[in-house]
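Working notes, beginning with the structure itself.
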Amino acid sequence: MTLEVKNLQCIRGDRELFTDLSFQLEAKQLLMLEGKNGSGKTTLLRALCGLYEPDVGEILWHGKSIKKQDELYRRELFYLGHLNAIKPDLTVFENLRFNTQLAGGLETDDALMQALDAIGLFAFEDFPASQLSQGQKRRVALARLLLTKATLWVLDEPFVALDAAAVVLLQSIIADHVDKGGMVILTTHQEVSLIKGEVKRLSLTALTENRESLNA
Amino acid sequence: MTLEVKNLQCIRGDRELFTDLSFQLEAKQLLMLEGKNGSGKTTLLRALCGLYEPDVGEILWHGKSIKKQDELYRRELFYLGHLNAIKPDLTVFENLRFNTQLAGGLETDDALMQALDAIGLFAFEDFPASQLSQGQKRRVALARLLLTKATLWVLDEPFVALDAAAVVLLQSIIADHVDKGGMVILTTHQEVSLIKGEVKRLSLTALTENRESLNA
Amino acid sequence: MKINWFKYAAPLNFYSLAGKVIPFFWVAAIALTAFGLYWGFFKTPDSLENGMKEYYRIIFVHLGSVWMAMWLYIMMVFWALVGLVFNTKLSYMMASATSITGALLTVVALATGAIWGKTSWGTWWDWDPKLTTFLILLFIYIGYIALQSAIDDTRRSDKASAVLALVGLALVPVIYSAVNCPDPTQCSSLHQESSMKNIEPNIMRGIIFTTLGFWMYSFAAILMRVRNIILQRERNTTWVSKLKEVN
Amino acid sequence: MLNVFWLLLKRDLLLALRRRSEIFTVLFFFLVVISLFPLGVGTEDKTLKQIAPGVVWIAALLASTLALDRLFSSDFSDGTLEQLALAPQSLSIMVLAKMVAHWLLTGLPLVLISPLVGLFYHLPNDSMVVMMLVLLIGTPILSMIGAIGAALTLGLRGGGVLVSLLVLPFYLPVMVYGSGAIASSMLEGLSLQPYFLLLGAFALLAIVFSPWATAAALKISLE
Amino acid sequence: MLNVFWLLLKRDLLLALRRRSEIFTVLFFFLVVISLFPLGVGTEDKTLKQIAPGVVWIAALLASTLALDRLFSSDFSDGTLEQLALAPQSLSIMVLAKMVAHWLLTGLPLVLISPLVGLFYHLPNDSMVVMMLVLLIGTPILSMIGAIGAALTLGLRGGGVLVSLLVLPFYLPVMVYGSGAIASSMLEGLSLQPYFLLLGAFALLAIVFSPWATAAALKISLE
Ligand code: HEM
Ligand SMILES: Nc1ncnc2c1ncn2[C@@H]1O[C@H](COP(=O)(O)OP(=O)(O)OP(=O)(O)O)[C@@H](O)[C@H]1O
Ligand SMILES: Nc1ncnc2c1ncn2[C@@H]1O[C@H](COP(=O)(O)OP(=O)(O)OP(=O)(O)O)[C@@H](O)[C@H]1O
Ligand SMILES: [Mg+2]
Ligand SMILES: [Mg+2]
């Protein structure tokens, strides 16, 4: 089980975000993507999911290009971006149910309720999502982490809007997943510490700055 | 120059967020509003701005209810919420110009450009805002802080999406304002340290928990 | 002889190639159109048997633009499809350049037709199937151009407008048949006879020359537009910054 | 595969039921279009009958475009569309579900309310039945072609007007044969079969082709 | 106070005209809508003249409604509306500016392109002038009433249906008298004064009442 990135290059508009980016991620590894605002973290994550087509380079899952496996790869992938994918007109419970079922999950209603309780939304299950606070909305989106069977988690600034208690909770959820043999790629401007598992770091700013100093 | 809050109570749906909340803020003071997700921080901030009408209680500015001063109060107020108020179709520069002019500012184009440079958006001035990263968008919104003449700043999680360098920068901007005799109210789940000025703290969770333990 | 087509699919090579051939197309366009018009004005009868007066001479411009407008639509769809299949940037650029010239010629066809209509039927516009078809062709061209110009990101705008062209390709024949034969039960009896048979060979000659002239004009205009698009899109590459016309 | 179809269909209907104002806007618009013409044209029986087929189709066309803009845009802006694209199922199936929901919310109400047109325009009963039938076959085509346009213009400014500009010319054949069928039904002894066959063929074509094209367009817009 | 009016007007126009092609998009949109009718309803000279008044008003209603959706919702969802409400100026003035922008972008183009309607529908010159005049008076009313509806449906859920249903029928008199005036102009010896007086009165009423009502509705939806 490996994710392999080979010679990736992404250009947005006139700006080259990164060139010749290669790395490899194995089970039980967590990759922390670092970089200044606008360095291309989100772009890279979207490319890894297949939502953005890189200009050059390949992304391989189990040694095979992700473009060629399509649904197979997506079954093992969990992506959460800046947007929560929460419908304001549905209740918290309905939101979670729809999102897990969409990803192919067959959880019972009880399991869903438990996940919501665990993430700290006890008694909010029947609230319309429009009536939640910012952090509560993020929690609804994160509740899916407790239910998904995906191996590869791709999380774009998951800690945003969460309070201290929720940050600790989420850290333990992530650590747990890595521990059990999963893989996680995440970006964050806050420091995260894991107890077990291997933490890799990749800094996009460094890449860009190297290039800039080379050009200059 | 004082902001005085007297016996404020806010109820959302069936939930009492806080009752009998009173505090006072003077020049050269910074108020850190703390609390769990969903404890009512955003609601309180919006009430302070007059965007949300509290169920009970009064908010006084210079000893007079804010409802009765309307435009006068709004002239001295700067509010930045979860949303950036950035138009994707306008350029970075146009966004900043519109937002400052709307608040009554008469800055020259040069001043606007300087503010953008200072906040780390050099060379992005003519980009459509739709092409910015999350953190860059937040920076556009925060650039207004460098230009506003408002006394009272109300900031809802201003550090979200910013990278480490920008967090430091924003902290110094806030500290500067307090130093010069301004007032700041902000919520954040990250720790912020000020060098000078007085830091007050108000924890909404504590209030709620007190009440819950009283009820129990 | 084997030509490496893909060599010219690179913007750099295409740019210089196009620059070399454009003057020839201009010369051909002007010469052919001038000859066609000269023929039309001086070598054809002053009035036709079926009562048409001098003003029938607008046909030399009218038919040329009508035919080219339709032909360019096919070319536009072709380039869009090539772009979708081979993912070559150049073919998207060709499609977008073609759409503008095509729309322009459609407007010319409509305008010359309208002027003719005012003189012969006494009204600028009538809802005749032929005219309506052309109006709709204009709408489809405009839709393509509007979609393209509404999207900033060139990658997205290229692909999105190509999908639109593809949908158009499937639907245009259907639209054509709906406009020209609204009543499916009587379609065969209403089938339009080609008006070409009635045209004298003498007049036909002039028409053919102006049409060829318009065709050459289309080549020249499209190539010039593509060169502009290339410059704009590749403005940050080294080869563009070394061009003398840029500096 | 069918699972995800029902899942999306159910969700879209549920959302629409929670926010009913959109359905009513479409219906209201349809009614305004239909009732405005008798006012201008006068209440002559013959004229009314003559324009009725065209008016009802134009009303349907315009009403259908009115709701197109929102077909994908809320899913796009709250991030659900990303999740749909990443779900381990075919996007075309989900798109089809959304098309069906769109039709149930904008096309079907028009079919149901169309007898009112018959009343306003003094149509004979036979024609009213024909009208309902052609609307039943024709309006889904509108939803399906419209979805392609909506996907292409996702997130663009001026979306509503732009979609209509793109899509209305493509609606034309449906309108021509749809209103042709109603008009023929008022004349004696004309066979309506060709009309129904043609519309049926269009519908088939649209069902095969449009979910695929829409899914492709959505993926392009997500980049 | 006037400053903020110009500021908002300029911004809304800038947003809409970010690309120059957008003006053309609107104009061609009208052309498409206007040319749909003859294809659907029939191209006889008499029919064309009869439907023309209805057609232009329906085109106006359609464009107005299509753009209404975006009038406040994008400002609402990106937080600009909060900033408007917190600006040290009267919200009604800003709302008025947004209404004017909305009219300039949807009403005015129609007024300008309406001579083409005359051409397509073979209208006499006098009627063309009347048509332009009633559109000039009537389309701003559509924008103003529409703005109230847009503001009300912005926040209200469920209840929004009822309120928008209350607002929409106010469109009807404008359209009825507007198309009535054009139709009468084609008949000999009818005075058009009553139509113009009525429309003028509506316009006055709307100008006085709607910015205030819209601002109030916006404040409610912001809570
Ligand atoms: C599909 C597009 C068109 C084709 C193939 C076409 C072709 C022709 C041809 C071959 C003629 C020669 C006269 C004849 O019929 O024998 C003609 C005449 C004419 N065309 Fe077009 N035309 C097209 C579009 C238009 C348009 C868009 C207009 C008006 C806006 C127009 C207006 C006229 C008029 C007024 C005449 C003279 C008719 C007469 O007096 O016999 N045509 N056209
Ligand atoms: N749609 C777009 N079109 C063109 N350029 C874009 C687009 N979206 C983003 N960019 C550019 O790509 C760069 C990287 O953006 P990205 O969102 O990947 O950054 P990021 O590392 O996630 O930053 P942040 O920490 O602020 O979230 C930015 O400089 C931005 O200007
Ligand atoms: N529109 C609404 N209608 C009813 N209740 C609401 C509404 N918006 C928020 N609430 C409730 O009010 C409470 C406080 O929300 P608020 O947004 O003020 O929290 P917060 O302290 O800012 O939380 P966070 O840290 O997550 O931003 C929440 O529990 C939420 O459920
Ligand atoms: Mg990012
Ligand atoms: Mg909050």
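We name chains A, B, ... by the order of the sequence lines, and we start the count at 1 in each one.
- Atom CZ of B:Phe98 has more than 12 heavy atoms from other residues, nucleotides or ligands within 6.0 Å.
- Residues E:Lys219 and B:Leu51 are not in side-chain contact: their nearest non-hydrogen atoms beyond the backbone lie 4.5 Å or more apart.
- A pairwise comparison of heavy atoms in B:Leu83 and E:Phe76 identifies CD1-O, 4.2 Å as the closest pair.
- A distance of 9.0 Å separates CG in B:Asn99 from CG in E:Leu84, rounded to the nearest 0.5 Å.
- When heavy atoms are compared at a cutoff of 4.5 Å, B:Asn84 approaches chain E solely by way of its backbone atoms N, CA, C and O.
- Of the two parts of B:Arg46, only the side chain, counted from C-beta on, holds a non-hydrogen atom closer than 4.5 Å to a non-hydrogen atom of chain E.
- One N or O on the side chain of E:Gln83 and one on the backbone of B:Tyr79 form a donor-acceptor pair closer than 3.5 Å.
- Counting heavy atoms of neighbouring residues, nucleotides and ligands inside a 6.0 Å radius, atom NZ of B:Lys180 does not exceed 12 of them.
- Other residues, nucleotides and ligands contribute only 12 or fewer heavy atoms inside 6.0 Å of the CZ atom of E:Phe24.
- Residue E:Leu81 does not touch chain B at all, counting heavy-atom pairs closer than 4.5 Å.
- Contact count versus chain E (heavy atoms, under 4.5 Å) is highest, among B:Lys87, B:His82, B:Glu94, B:Arg97, for B:Lys87.
- When heavy atoms are compared at a cutoff of 4.5 Å, E:Ser74 approaches chain B by way of both its backbone and its side chain.
- By the 6.0 Å contact criterion, CZ on B:Phe93 is enclosed, its count of non-hydrogen atoms from other residues, nucleotides or ligands being greater than 12.
- Only the backbone of B:Ile86 comes within contact range of chain E, judged by heavy atoms closer than 4.5 Å.
- Contact count versus chain B (heavy atoms, under 4.5 Å) is highest, among E:Asp78, E:Thr80, E:Leu15, for E:Asp78.
- Heavy-atom contacts from other residues, nucleotides or ligands closer than 6.0 Å to CZ of B:Phe23 number more than 12.
- Counting only heavy atoms from C-beta outward, the side chains of B:Phe78 and E:Leu86 never approach each other to under 4.5 Å.
- Closest heavy-atom contact between B:Gln101 and E:Leu7: OE1-CD1, 2.8 Å.
- Across B:Ala103 and E:Pro88, no two heavy atoms sit closer than the pair O-CG, 3.8 Å.
- Contact annotation for B:Glu76: neither backbone nor side-chain heavy atoms come within less than 4.5 Å of a heavy atom of chain E.
- Using modelled atom types, no side-chain atom of E:Arg11 and backbone atom of B:Asn95 make a donor-acceptor pair closer than 3.5 Å.
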